[in-house]
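Working notes, structure below.
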Amino acid sequence: MEREPNLQKVATALVASGKGILAADESFGTITKRFQAIGIESTDTSRRDYRETLMSSPGLGQHISGVILFDETLRQKTADGTPIPELLKKQGIAPGIKVDKGAKPLAFFSDEKITEGLDGLRDRFAEYKALGATFAKWRAVIRIGPKIPTSFCMKANAHALARYAALAQEAGLVPIVEPEVLMDGDHTIERCEEVTERVIGQVFRELSKHRIQLEGMLLKPNMIVPGKDCPTQASVQQVAEATLRCLKRTVPPAVPGIVFLSGGQSDVLATQHLNALNRLGPLPWQLSFSYGRALQDAALKSWSGKKENVAAAQKALSHRAQANGLARSGKYEDAMK
Ligand code: 13P
């Protein structure tokens with residue numbers, strides 16, 4: 001297969017020091033849920049206004065290297081008519097695109113899911129590239145329960161992730177490979193580590209079979225944390241140590257960066273974990289962030305759908321971006337909270 005030299009350049013730039021990724025690719029269902037929580041109707045205009053507010057934050061490019069967009073947003077224009085990918089490029093930020101079509105029930109495997117979206121993906125990649133996207137994301141969802149995940153579910157999702165990653169690289173886009181082990185449940189941190197290690201191990205075996213160029217991709221994993229309902233919660237240091245142990249066992253050093261999802265952790269905790277992780281160096285890869293909720297929660301609340309709150313929302317986003325930018329080198333201080 002012909003190798004695309006640009007892939008490594010794009011992947012490396014996404015994890016440049018002091019910077020990380022903003023995930024703003026909520027599907028229609030998810031953004032509607034988030035808007036309902038603050039009493040806003042989800043329309044194409046309200047979604048555009050909110051996302052324009054985020055992406056036009058002054059100086060956002062200082063700590064944000066890329067933004068993952070939803071299909072609708074990649075095609076939208078700002079209120080003054082600038083295409084969203086152009087707005088990002090002006091900020092020195094790479095536009096990315098979520099290409100999966102969501103996690104759907106895996107037939108005959110109760111409580112397990114398989115991510116859909118491979119059919120027609122080659123053509124969609126060609127279109128996304130023409131619209132300006134330079135990287136992509138696909139999320140697989142793995143739930144922990146007494147009898148799950150099954151090895152079949154892990155394998156099916158790893159296979160789909162690898163097929164997606166191959167099509168992305170073939171089209172010249174950097175794939176972000178996201179196998180998310182959910183925090184839902186009462187499982188222990190040890191169980192999360194055991195499952196995540198199996199999942200990521202399986203993902204890299206599939207990526208290898210699919211001839212993925214490791215230098216031109218990023219991994220987006222969960223951190224190793226106990227289930228939300230586990231009576232024994234873990235310290236920041238325990239999370240950092242378990243996460244690093246798991247990643248060292250499973251992620252080849254040829255991968256330029258690992259960009260964590262926040263997965264329902266509070267924004268401050270997600271920053272503290274990243275900070276602690278980066279203090280455990282030297283590390284074979286860049287450890288960065290690709291947070292959705294942990295970057296947006298405060299901004300969304302500040303905005304609340306009102307024009308007069310745009311500046312406050314942008315300030316809230318910039319604050320989290322800066323804190324996480326500092327956590328990239330272990331320099332975040334709790335005082336920043
Ligand atoms: P969270 O950081 O809110 O988990 O979202 C990241 C993401 O992109 C999930 O696919």
Side-chain angles (χ1 to χ4, degrees), residues 14-15 20-35 37 50-51 54-55 63-74 93-104 113-117 133 135-143 157 160-161 164-165 168 174-185 192 196 199-200 203 217-225 227-228 239 243 257-274 277 287-301 316-317 320-321 323-324 327-328:
L14 285 169
V15 289
I21 297 168
L22 165 64
D25 59 330
E26 299 81 7
S27 61
F28 290 124
T30 305
I31 196 81
T32 301
K33 218 165 58 187
R34 304 263 149 86
F35 277 11
Y50 171 60
R51 287 162 168 160
L54 298 180
M55 291 178 244
H63 297 292
I64 299 295
S65 54
V67 176
I68 312 173
L69 303 168
F70 186 56
D71 179 280
E72 175 191 59
T73 321
L74 185 69
I93 296 172
I97 179 76
K98 185 243 288 294
V99 301
D100 68 70
K101 297 216 161 170
K104 306 285 160 62
K113 292 193 166 168
I114 179 76
T115 301
E116 296 187 350
F135 70 102
K137 179 192 109 171
W138 176 290
R139 172 174 176 255
V141 178
I142 305 291
R143 178 180 289 277
N157 274 291
L161 273 166
Y164 137 80
V174 167
I176 295 186
V177 173
E178 179 180 9
E180 174 173 6
V181 176
L182 296 175
M183 278 170 68
D184 300 345
C192 176
T196 306
V199 167
I200 300 178
V203 165
M217 64 159 280
L218 299 172
L219 179 73
K220 176 164 173 168
N222 50 285
M223 293 178 187
I224 305 300
V225 291
K228 273 194 295 224
V239 168
T243 303
I258 296 171
V259 293
F260 293 102
L261 58 95
S262 59
Q265 305 175 46
S266 77
D267 52 8
V268 171
L269 201 51
T271 307
Q272 288 172 334
H273 285 151
L274 182 63
L277 272 156
L287 288 188
S288 184
F289 57 93
S290 174
Y291 294 157
R293 285 161 285 180
L295 278 169
Q296 291 187 52
D297 278 356
L300 178 62
K301 272 196 209 105
L317 173 64
R320 293 293 354 131
N324 287 302
R328 286 289 324 271

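Every number for a ligand or one of its atoms is a count from 1 in the order of the listing.
- Partner of Asp25 under the salt bridge (Lys or Arg N to Asp or Glu O under 4.0 Å) criterion, out of Arg139, Arg51, Lys137, Lys220: Lys137 alone.
- Of the possible polar contacts, one joining the Thr243 side chain to the Ile224 backbone as a donor-acceptor pair under 3.5 Å is found.
- With 3.5 Å as the limit, one finds a donor-acceptor pair spanning the side chains of Gln296 and Tyr50.
- Among the atoms of Ser262, some N or O lies under 3.5 angstrom from an N or O of ligand 1.
- Under 4.0 angstrom from ligand 1, the non-hydrogen atoms of Arg139 all belong to its side chain.
- Atoms of ligand 1 lying under 4.0 Å from at least one heavy atom of Lys137, given by number and element, are 7 (C), 8 (O), 9 (C), 10 (O).
- Taking the six-membered ring for Trp and thresholds of 30 and 60 degrees, Phe28 and Phe70 have ring planes more than 60 degrees apart, a perpendicular arrangement.
- In Ser290, the part holding a heavy atom less than 4.0 Å from any atom of ligand 1 is the backbone.
- Atoms of ligand 1 lying under 4.0 Å from any heavy atom of Tyr291, numbered from 1 in the order shown and given with element: 2 (O).
- Other residues, nucleotides and ligands contribute over 12 non-hydrogen atoms within 6.0 Å of the CZ atom of Arg34.
- Checking only distances, Glu180 never comes within under 3.5 Å of ligand 1, N or O to N or O.
- With a 4.0 Å heavy-atom cut-off, ligand 1 is reached by no atom of Lys98.
- Scanning all protein heavy atoms for the shortest distance to atom 4 (O) of ligand 1 gives Gly263 N, 2.7 Å.
- In terms of polar-atom proximity, defined here as any N/O pair under 3.5 Å, Gly292 does make such a contact with ligand 1.
- Short contacts between ligand 1 and Lys220, defined as distances under 4.0 Å to a heavy atom of the residue, involve ligand atoms 6 (C), 7 (C), 8 (O).
- The heavy atom nearest to atom 9 (C) of ligand 1, considering only Glu178, Met183, Gln296, is found in Glu178.
- The backbone N or O of Ala136 sits less than 3.5 Å from a side-chain atom of Tyr164, completing a donor-acceptor pair.
- At a heavy-atom cutoff of 4.0 Å, ligand 1 is contacted by the side chain of Ala23 but not by its backbone.
- Side chain of Ser65 to main chain of Gly20: a donor-acceptor pair is present (N/O by atom type, distance under 3.5 Å, no hydrogens or angles).
- Considering backbone and side-chain N/O of Ile68, none are found under 3.5 Å from N/O of ligand 1.
- A salt bridge links Lys228 with Asp184; the closest basic N to acidic carboxylate O contact falls under 4.0 Å.
- Under a 4.0 Å N-O distance rule, the pair Glu180/Lys113 does not qualify as a salt bridge.
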